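Letters A, B, ... are given to chains in the order of the sequence lines, protein chains preceding strands, and every chain is numbered from 1. Computed from a prediction, not measured in an experiment: that's the story for all the values here.
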There are 2 protein chains.
Amino acid sequence: MPTPHHGQPRYRVIAEDLRRQIESGAIAPGSLLPAESALTAEFRASRGTIRQAIAVLRDERLVATEHGRGTYANPYRYKDGPADGPDVETTERQVAADPELAALFAVEVGAALIEQQNVTLMNGAVGAVVRIYRLPGAMH
Amino acid sequence: MPTPHHGQPRYRVIAEDLRRQIESGAIAPGSLLPAESALTAEFRASRGTIRQAIAVLRDERLVATEHGRGTYANPYRYKDGPADGPDVETTERQVAADPELAALFAVEVGAALIEQQNVTLMNGAVGAVVRIYRLPGAMH
DNA sequence: AGAAATTTGTCCGTATGTATC
DNA sequence: AGATACATACGGACAAATTTC
């Protein structure tokens, strides 16, 4: 229960341990780490400390966490894709108004809106996505 | 790692900074502030100091905190503006990537994206809504 | 389709030790 | 000595996303 704080903090020791397991393959790439609750038992640490340890690995991009799912080991390991495209790709479609858009346009949630989406590419990678919403029938 | 404390206490400086972000709209009214853990990183302050800063804003009713959910900005503030608003209202905030945006940006669903929303007004009515998405950290 | 269990996200309150004004 | 702040750690509770039954 104390807070040693001498030497190395616990969360760093735990992060170190988990990193080894991931890099050694003991935790397979793409697989889920044990749940936080399981790690609290395994390391006899509080959940906050476990989460701090995982945060270290997340900063290193060694793991990726998804809400309600878990924490994946070695999530992103693929090379660059060439796939060059035009500078801007434009698509237009009809979508349902989310609550905020509904309030702005003074229509009901779920009402039809026109969405024009422009995807701008910079060096082959997506630089920004622009979505323009307007009411059906509005001039443009 | 000094503890300057020259002039104003740290928590007041942080509160001041957050207040500016809220009042300027950089943190959209009704949206969530970054989590305490995120603010500790952003301001390089301890959690206790962050909580103290938020407590200041809470006392001012500038924010409202809900247990387990987060801290909301400007729970209710829409006093009369001094004059008519501009033709374009711009707000910026952090949102979670929907499946399509996630695919475009090559991030995971739910990952943080920056959304800049421009609401263009025509004769006081909303003419169009433009939402621009980009990766956090990207220049703009 | 719906309820329950699982899991992560967040906040709350508290505590200990250290360091700097 | 006292005030301020940092870093770490605990345990609890509620919220939200996902999966499972």
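Rounded to whole angstrom, the span from the CD atom of A:Glu36 across to the P atom of C:dG9 amounts to 6 Å. Atom-to-atom, CG of A:Leu39 to P of D:dC10 comes out at 13 Å; the value is rounded to the nearest Å. Rounded to a whole Å, the CD1 atom of B:Ile54 is 12 Å from the C1' atom of C:dC12. B:Arg12 places its CZ atom 10 Å from the P atom of D:dT4, with the value rounded to the nearest Å. Across the protein-nucleic acid pair, B:Tyr72 atom OH and C:dG9 atom P stand 17 Å apart, rounded to whole Å. Between the CG atom of B:Leu32 and the P atom of C:dG9 there is a distance of 15 Å, given to the nearest Å.
With no hydrogens or angles considered, no side-chain donor-acceptor pair links A:Thr40 and A:Ser37 at under 3.5 Å. A donor atom on one side chain and an acceptor atom on the other are not found under 3.5 Å apart for A:Glu16 and A:Gln8.
Under the 4.5 Å side-chain criterion, counting only non-hydrogen atoms from C-beta, B:Val130 is not in contact with A:Tyr133. Contact annotation: the side chain of A:Val129 never approaches that of B:Glu100 to less than 4.5 Å [non-hydrogen atoms, C-beta and beyond].
Comparing atom distances between the A:Ser46 side chain and each of C:dC11, D:dT8, D:dG11 picks out D:dG11 as nearest. Nearest to the side-chain atoms of B:Arg10 among the listed nucleotides C:dT8, D:dA9, D:dA5 stands D:dA5. Side-chain proximity of A:Thr71 to the nucleotides D:dC10, D:dA9, C:dT8 is greatest for C:dT8.
With the nearest nucleotide of DNA chain D identified for both B:Phe43 and A:Thr49, B:Phe43 has the one nearer the 5' end. Annotation: of the two residues near DNA chain C, B:Gly68 and B:Arg51, the 5′-most nearest-nucleotide partner is B:Gly68.
Here A:Arg69 reaches the OP1 or OP2 of D:dT19: one of its side-chain N or O atoms lies under 4.0 Å away. Distances shown here put a side-chain N or O of A:Tyr11 below 4.0 Å from the OP1 or OP2 atom of D:dT8.
A donor and an acceptor atom never sit less than 3.5 Å apart when one is taken from the side chain of B:His67 and the other from the base of D:dC14. With hydrogens and angles left out, the side chain of B:Arg47 and the base of D:dT8 share no donor-acceptor pair within 3.5 Å.
With hydrogens and angles disregarded, no donor-acceptor distance shorter than 3.5 Å links the side chain of A:Ser31 to the backbone of A:Ile27.
If you check every strand for non-hydrogen atoms under 4.0 Å, A:Gly48 touches nothing.
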